[in-house]
Amino acid sequence: MNRRRFLGIGGSVLGAGALAAVAVPSAARLFAEGRPGRLLTSELDLPEAFRIPLPVPPLLQPVRTDGTTDYYEITQQVARLEILPGVKTEAWTYGGSFPGPTVVTRFGRTAVVKHRNELPVPSVTHLHGGHTPADSDGYPVDMLLPVGSSPDADQGTAGMPGMSGMRHAASRNVVGERSYTYPGKQRAATLWYHDHRMGFTGPGVWRGLAGFHLVHDDEEGALPLPRGERDLSLMIADRSFAADGSFRYPAVDPSLASPGVTDPYANGVLGDVILVNGAPWPRLDVDRVRYRLRLLNASNARPYRLELDPQPPGGDALVQIGSDGGLLAAPVGHDGIDIAPAERFDVVVDFSRYEPGTQVRLVNRLGSDRTAEVMRFDVSSKEVKDDATVPDRLAAVDALDPSAAVATRDFAFRRSRSDGWTINGDPYQPGSSIAAPALGAVERWRFSTDLHHPVHVHLDHFQVIGRNGGDPGPYDAGWKDTVDLRPAEAVEVLVRFTDYAGTYMLHCHNLEHEDMAMMADFTVQ
Ligand code: C2O
Ligand code: CU
């Protein structure tokens, strides 16, 4: 499957020459797969689990600060990383590491992040979950072209027949460096940044373009939650490796000059190596105290059901304190957590519920063989004081009022026989908006699916008010920016866009679906 074909069908972006006959996998074949994606196996021996210490991504320091703003710089660059022991993997990185450096900002302070592109390809940086003005949001055709490119040549689209058409009026290409401004008008939350380039988000993220961005505020800071080394961000991502150590990815065009994955992977690419913070099946020594784990699923297509094994006596091993958009009103205990691509679950685990010396595995009940393991916590036997607790009340979460909704909109996420992955029947056309919500108005948005689609909305978080005609599910609490829909499900959310007018996207966060056009613009006005 190939996006040129999808876009060609629409006709307005690409010329007729783009209508190359490319086989589209039969719906029957895709529907037969109850789960998204297909496993791509690695071509080299995989390491034993639980040998490598959990890495902590570097913290990004501001290069300068003033009364209102902290200024950061990130160079996007190729780096040769040792991900599998003794193997070098060429990665596309933010600042030379995978995950990229963690950006930590505070409510009310503006962060300006200047990105410099020394990669061989254009990039687009999106702060996922960011309440961001449109010109800094990482619109997929607002490319940052590599240092030294010519702005007028068909850069970023060179060698991509038809893709030059993506340089529509809304595109704001820049060469070398560009600054993204994040005004910080949002509550404490675990956000992440990643590549969002038109047609290439899947391979870009797969090769390493992802990092954490944490927002803190006073409300969170006043709570007695675990902090410091006991506040851990865990980026969980599956990958596959080729015989030469490179990331293996089933691109139609291995040089990535033109987008698309080979036919069998059109429903998503699943790796056979589970990385946490860029290390395969790592381990971590933990004290017998509470830890805060900010879980992020940064996989292209793989959903997980995360559980601790063994479960602590009495269950509720994972006490959820936050979701995509920050703290919940009150904690929710779970034995396991279903996490779809791009979702975040902020949980507290109390390792004092385990005997000293217990090896507690974080497992994936949706995986099999090696993908059923994620990482291991080794509980120490020394006596350590725990000054953290999880209070019964966490944060003020104002419920949006369904009766205040001024509009109801339906978004159907479906595979079309001729156009690939679509929203309301159409493949993505940059510049063509399918909704025009008014700033400040509450709207009811209804998502429905054929297959498995994690649905993501830019600009503002939403609240799930119903699932399949009933109550929200166990993982729908709080402010969300990504909601997981299984096959033939329907989810209702309330959303209110604030502060920034402009064009944003909603899309499926299965990155192979996204690249294959399951995205749409909406324009806030
Ligand atoms: Cu995490 Cu529009 O993306
Ligand atoms: Cu999808």
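Just follow the structure's listing: the first ligand is 1, and inside any ligand the first atom is 1. Count residues from 1 along the sequence.
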#### Entry: N/O/S atom name from H128 that is nearest to the position of atom 1 (Cu) of ligand 1
ND1

[Y] versus [X], side-chain donor and acceptor atoms under 3.5 Å:
X: N117; Y: E177; value: no
X: Y304; Y: E343; value: no
X: Y180; Y: D135; value: no

Quick one: do [X] and [Y] make a salt bridge, cutoff under 4.0 Å?
X: D499; Y: K185; answer: yes
X: E489; Y: R467; answer: yes
X: D450; Y: R414; answer: no

### Query
So does H126 have any N/O/S atom less than 2.8 Å away from atom 1 (Cu) of ligand 1?
no

### Query
Taking the N/O/S atoms of H513 one by one, which is nearest to the Cu ion (ligand 2)?
ND1

### Proximal heteroatom of H453 relative to the Cu ion (ligand 2) (N/O/S)
ND1

### Query
Hey, is the Cu ion (ligand 2) within less than 2.8 Å of some N/O/S atom on C508?
yes

### Message
With respect to the Cu ion (ligand 2), please indicate if H452 possesses an N, O or S atom at a distance under 2.8 Å.
### Response
no

#### Entry: atom 2 (Cu) of ligand 1 to H196: nearest N/O/S atom name
NE2

### Name of whichever N/O/S atom of H507 is nearest to atom 2 (Cu) of ligand 1
NE2

